[in-house]
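Order of the sequence lines sets the chain letters (A, B, ...), proteins ahead of strands, with each chain counted from 1.
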Number of protein chains: 2
Amino acid sequence: MKKYTIKDIAELAGVSKGTVDRVIHKRGKVSQKALDKVTKILGEIDYRPNPIARNLKNNKVYQIYVVLPDPKEDNFWAPCVEGVIQAIEEFKSFLVDIKLFFYKPTSTASFKEINKKVLELGPDAVLLSPLFHKESISAVNNYRSAGIVVSTFNSQIVLEEAINYVGLDLYQSGRVAAKLMHTIVPDTHDIVICHFDETLNNAIHMQQKEKGFRDYFSELNGVDYTILTLSVDQTNPDLSLVNFLKSQDKAFGFFVTTSKSYNLVEILQGQRQKNIKVIGYDLLDENIDLLKKDMISFLIHQSPRTQTYLGLTYLIEHFLFNKEIPNKKLLPIGIVNSENLITYL
Amino acid sequence: MKKYTIKDIAELAGVSKGTVDRVIHKRGKVSQKALDKVTKILGEIDYRPNPIARNLKNNKVYQIYVVLPDPKEDNFWAPCVEGVIQAIEEFKSFLVDIKLFFYKPTSTASFKEINKKVLELGPDAVLLSPLFHKESISAVNNYRSAGIVVSTFNSQIVLEEAINYVGLDLYQSGRVAAKLMHTIVPDTHDIVICHFDETLNNAIHMQQKEKGFRDYFSELNGVDYTILTLSVDQTNPDLSLVNFLKSQDKAFGFFVTTSKSYNLVEILQGQRQKNIKVIGYDLLDENIDLLKKDMISFLIHQSPRTQTYLGLTYLIEHFLFNKEIPNKKLLPIGIVNSENLITYL
DNA sequence: ACAAAAAATGTGCTCGAACACACAAAAAAA
DNA sequence: TTTTTTTGTGTGTTCGAGCACATTTTTTGT
């Protein structure tokens, strides 16, 4: 499998490399005769420009900025930062400059402000966690008008034109949780879906997960579970939750749609019969601890670290080597128990 | 974060780029004075040679050969070939040449023959599936004496010097299966470990998995399961298996240590009570079918496709960009049920 | 002191693509 | 026909590292 260069083509076509260049890039003036000669050769061989030579000539430092919630505000985002750091480390020698920008996950104003700032700095690409749907669409459009490539991770947003996304199919993850619940909870017992988030700013996430969860059970024949939904936010503090849980004597399986399973387990502790089953999301330290103690049966892993790492490598390799960015990269939905846990850390 | 070039260093140190080159590569003669000047600058700045320029100058087509069992003989290996094809596709434009070599998974002679052939061809690197332990060690040593880089995948072999490995921790995967079994099978029931392989050439694999499985249960306190082991090979055909299973009335959970779960389910079908639980390995079409029908509870995913893909990218990026090859890359042990199945395909 | 050898250092070319620029050939205008 | 413009084509430089070769400086031997 011979690798052809522009010079090779020039010789084969009996023209100079300048002419070949003009034909390939459709720039400048080329006579019909020369065009024919070169396109003939181009059709006969499989010419792929050497991405390394191209990049060397380019000699540009690409600016890629990552916009995500501050992990100090919500620990869920800490692994995302690790993924970014890993990418920085791995591409240190290359002409890329990766910078992190944090916003407050509880504040749309902060989100807008940071995106404005990033837009002004004018990077080549932005990897964005589009937590707030409306504001994200506007931010993405602004970036695009400025010719900035945008990729998203963790939550999908809907736009007319497709946008690059790395993350989970959240609806499907709800179905996965349901299947697990179905496997471990006898069908005479009740199930509670808990939307456990202090600010409810993960609303879209939680809805998609709930839908997947409920769809699974409603598609089952001959089995009827009772499934309740419980939303907890700032206007609905722990006390009311405790009261609710007390009143639901039969509830047996709990599906927590956020990373706050540990919060639920804490409240349930001692409160009810020991034999309840909890399925939740994310490998936070608090959750890991309870998973090991069998107080959480399964955790669904959203691979936050992989999301940012992959999102970044796609962008970097696009700029450096002209690789195509996959439009939609859905990561495997990881089912984690106490034994395969370490293989995910 | 400025990126320095050799020319930059030469100017800063007041010498020519030739001298800087000699200092960096410790070749040729350099005066103490010049050495000091250059090392001083080198200590002050963070110089990283541009891997792209280096590779361009190199201008060598790296030969990387993949040696694995013929997927026509055992379908387990088909995804491995897909992983190789994906890597070929992705690095088409680069100066790498990836070739596939198949051996018969039932024949050590074939394994030796193929490795001899590959050794004679003298590639730059070999990605090897070391199915036969003794023969693999000898093959790896031969490659190394010839200065060929070797990486392995799917099964780990033990050597004095470390060898690159991409794959699962098989012992741990046995523990994962045990934990799952523990979650879905009441402790009054018996469990059978099935080593289901026509030729028993996966002996090491199966032993590691069994050990992990048994260790998990023996570490449990206050619960005693009865765990039986059943080996099936050519000298022990289906009939004897059927007889065995008939005699074990209490057996309830089955752990199949190979990808042949479908074989077990086929035999069990109609033979015994319906409510048995099977946990096995690998997303073969036959297994997937049974997983969807709930006749297999969980499949453990060994990510064969990812194993070869990753193993290859490590080698390629090592040659092209001087990246370090991770000595041991243990992939997450994927727990697969009917709902997260599609996210693994 | 002077030539020869050895040591130290600088210069220049290569890799492949990209692109500026110079120059030639053909076509249009004088 | 000559001049000017348009169109077409080839040459040469750049990017950074690597390495061969040329050149300069120092050391050694007589």
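When rounded to the nearest whole Å, the span between CZ of F321(A) and C1' of dA17(C) equals 15 Å. The CD-C1' distance, from E11(A) to dG16(C), rounds to 13 Å in whole Å. In this entry the distance linking CZ of R22(A) with C1' of dC21(C) reads 11 Å, nearest Å. Residue K57(B) contributes atom NZ, which lies 14 Å from atom P of dC13(C) at whole-angstrom precision. The nearest whole Å value for the distance from the CZ atom in R54(B) to the P atom in dG16(C) is 18 Å. Rounded to an integer number of Å, the gap from L35(B) CG to dT9(C) P is 9 Å. A straight line from CZ of R27(B) to P of dT9(C) spans 16 Å, rounded to a whole angstrom. Going from atom NZ of K29(A) over to atom P of dA26(C) covers 17 Å, rounded to whole Å.
Seen from the ring of F94(B), K92(B) does not count as a face-on cation partner, given the 6.0 Å and 45° thresholds. With F111(A) as the aromatic partner, K116(A) does not meet the cation-pi criteria of under 6.0 angstrom to the ring centre and within 45 degrees of the ring axis.
Side-chain N/O atoms of T19(B) include none lying less than 4.0 angstrom from OP1 or OP2 on dA8(C). Residue Y47(A) places at least one side-chain N or O under 4.0 Å from the OP1 or OP2 atom of dA17(C). Under 4.0 angstrom from either OP1 or OP2 of dA18(C) there lies at least one side-chain N or O belonging to H25(A).
As the counterpart of dG29(D), dC2(C) is assigned, both hydrogen-bonding distances of the Watson-Crick or G-U wobble pattern falling under 3.5 Å.
Note on N59(A): only backbone sugar-phosphate atoms sit closer than 4.0 angstrom, heavy atoms only; bases stay farther off. Here I6(A) lies in heavy-atom contact (under 4.0 Å) with sugar-phosphate atoms only.
Side-chain contact between L127(B) and L68(B) is absent, with no heavy atoms from C-beta onward closer than 4.5 Å. In this structure, V96(B) and L312(B) have side chains that are not in contact, with every pair of non-hydrogen atoms separated by 4.5 Å or more.
Using a 4.0 Å cut-off between a side-chain N of Lys or Arg and a carboxylate O of Asp or Glu, D8(B) and K3(B) do not qualify as a salt bridge.
A residue-by-residue look at N50(B) and Q32(A) shows that Q32(A) has its nearest nucleotide of DNA chain D further toward the 5' end. Nearer the 5' end of DNA chain C, as judged by each residue's closest nucleotide, is the contact made by A34(B), out of A34(B) and N58(B). Sequence order on DNA chain C of the closest nucleotides to V15(B) and R48(A) puts V15(B) first from the 5' end.
For CD of E44(B), the number of neighbouring non-hydrogen atoms (other residues, nucleotides, ligands) closer than 6.0 Å is greater than 12.
Taking the side chain of L56(A) as heavy atoms from C-beta on, and the options dA18(C), dT9(C), dG16(C), the nearest nucleotide is dG16(C). In this structure, of dT14(C), dT11(C), dG16(C), it is dT11(C) that holds the atom nearest to the side chain of K17(B).
Ring geometry for F101(A) against Y65(A) counts as tilted: the plane angle lies between 30° and 60°, on a 0 to 90° scale.
Contact footprint of chain B on DNA chain D: nucleotides with an atom under 4.0 Å from a non-hydrogen protein atom, first to last in 5' to 3' order, dG16(D) to dC19(D).
Checked against the 6.0 Å centroid criterion, the rings of Y62(A) and F91(A) do not qualify as a close aromatic pair.
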